Amino acid sequence: MDTTAWDAGSAGVLRLPSGLLIRGRGLGRPPPDGPAPVYGLYLLGDMPPSVPWQSRWVNWPDFKLPADPPDARNAFAAALDRAATDRVEVACWGGNGRTGTALACIAILDGLPAGQAVAYVRDNYQPTAVETAHQERFVRDFS
């Protein structure tokens, strides 16, 4: 068994179009059972709490868009690259809006057409993912 991959049936785990697995979650809830991530991408308006694994912070206020979209794009690409070899989690406070938006953008980078990304994440991660019209537009315009 590959010890660097998530269990596909675990809470919050999204199978990307390529088959790679990435976990989304809300930092405001206890972490799911199972192994810890190897890498985390944290999407918060303030610096996230310290974690014992490698991580990256994207300044992204709640219900808004990333403060620096090019930096966010680089962070999404880095998370996708890491998901090929490591357990990667993407998280905001609630695990829906910012996390869902980032997962949809990562799915686009993984080859999914932008027009399908929000529905894909809602169907395969969380029905309430991508919470605002601005976030939906961000995904639709992401390329």
Side-chain angles (χ1 to χ4, degrees), residues 1-62 64-132 135-143:
M1 177 174 176
D2 181 1
T3 59
T4 61
W6 294 113
D7 176 356
S10 294
V13 174
L14 173 69
R15 182 176 300 279
L16 294 168
S18 66
L20 294 176
L21 301 174
I22 193 164
R23 182 174 80 184
R25 77 175 184 102
L27 295 171
R29 297 184 200 104
D33 291 337
V38 174
Y39 181 79
L41 174 59
Y42 301 109
L43 317 165
L44 298 167
D46 295 311
M47 181 86 62
S50 178
V51 292
W53 47 83
Q54 292 183 343
S55 66
R56 181 166 178 182
W57 169 52
V58 170
N59 184 357
W60 193 334
D62 202 7
K64 307 278 187 200
L65 297 177
D68 183 346
D71 178 60
R73 180 186 184 79
N74 290 337
F76 302 157
L80 178 60
D81 288 345
R82 294 291 297 262
T85 58
D86 295 326
R87 286 184 307 275
V88 173
E89 80 172 2
V90 176
C92 64
W93 188 250
N96 293 307
R98 293 168 285 184
T99 297
T101 301
L103 290 173
C105 292
I106 291 168
I108 292 167
L109 292 172
D110 195 50
L112 190 70
Q116 297 174 20
V118 171
Y120 182 85
V121 170
R122 287 178 176 162
D123 289 345
N124 296 286
Y125 165 65
Q126 177 65 259
T128 57
V130 190
E131 294 176 311
T132 71
Q135 291 169 344
E136 285 189 38
R137 192 169 26 261
F138 183 81
V139 172
R140 191 174 51 250
D141 294 342
F142 189 82
S143 60

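These numbers were taken from a predicted model, which means no experiment stands behind them.
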With side chains defined as the heavy atoms from C-beta onward, is the minimum distance between [X] and [Y] less than 4.5 Å?
{"X": "D62", "Y": "W93", "answer": "no"}
{"X": "S55", "Y": "Y42", "answer": "yes"}
{"X": "L44", "Y": "L27", "answer": "yes"}

Only counting residues at least two apart or in another chain, list the ones meeting side chain to side chain contact (heavy atoms under 4.5 Å, CB included) with R137. H134, R140, D141
Tell me, please, which residues at least two apart from N59 pass side chain to side chain contact (heavy atoms under 4.5 Å, CB included).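 Only W57, P61, A67 meet the side chain to side chain contact (heavy atoms under 4.5 Å, CB included) criterion with N59.
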Would a distance-only check, ignoring hydrogens and angles, find a side-chain to backbone donor-acceptor pair under 3.5 Å from [X] to [Y]?
{"X": "Q135", "Y": "T132", "result": "yes"}
{"X": "S10", "Y": "V13", "result": "no"}
{"X": "W6", "Y": "V88", "result": "yes"}

Do we get R73 above F142's six-membered ring, with its NZ or CZ under 6.0 Å from the centre and within 45° of the axis? yes
Option among L21, L103, D110 that satisfies the side chain to side chain contact (heavy atoms under 4.5 Å, CB included) test with L16: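 Going through L21, L103, D110 one by one, the side chain to side chain contact (heavy atoms under 4.5 Å, CB included) with L16 is satisfied by D110 alone.
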Inter-residue atom distance [X].[atom1] - [Y].[atom2], 0.5 Å rounding:
{"X": "R98", "Y": "L43", "atom1": "CZ", "atom2": "CG", "result": "7.0 Å"}
{"X": "N96", "Y": "T128", "atom1": "CG", "atom2": "OG1", "result": "3.5 Å"}
{"X": "S18", "Y": "L109", "atom1": "OG", "atom2": "CG", "result": "11.0 Å"}
{"X": "D123", "Y": "Q116", "atom1": "CG", "atom2": "CD", "result": "11.0 Å"}

Quick one: closest heavy-atom pair of [X] and [Y], and the distance?
{"X": "L41", "Y": "A75", "result": "CD1-CB, 3.7 Å"}
{"X": "W53", "Y": "G40", "result": "CD1-N, 3.8 Å"}
{"X": "I106", "Y": "A79", "result": "CD1-CB, 4.1 Å"}
{"X": "A8", "Y": "R15", "result": "CB-NH2, 3.3 Å"}
{"X": "T99", "Y": "G24", "result": "CG2-CA, 3.8 Å"}
{"X": "P32", "Y": "R25", "result": "CD-CD, 3.7 Å"}

Flag the pair D7 and R23 as a salt bridge only when some basic side-chain nitrogen lies within less than 4.0 angstrom of an acidic carboxylate oxygen. no
Cationic N near anionic O, under 4.0 Å, E131 to R122: no
With a 3.5 Å cut-off and no angle check, do the side chains of Q54 and R82 form a donor-acceptor pair?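 Yes.
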Quick one about E89 and Y39 (side-chain donor to acceptor, distance below 3.5 Å, no hydrogens or angles considered), yes or no? no
Classify the ring geometry of F76 against F138: parallel below 30°, tilted from 30° to 60°, perpendicular beyond 60°. perpendicular
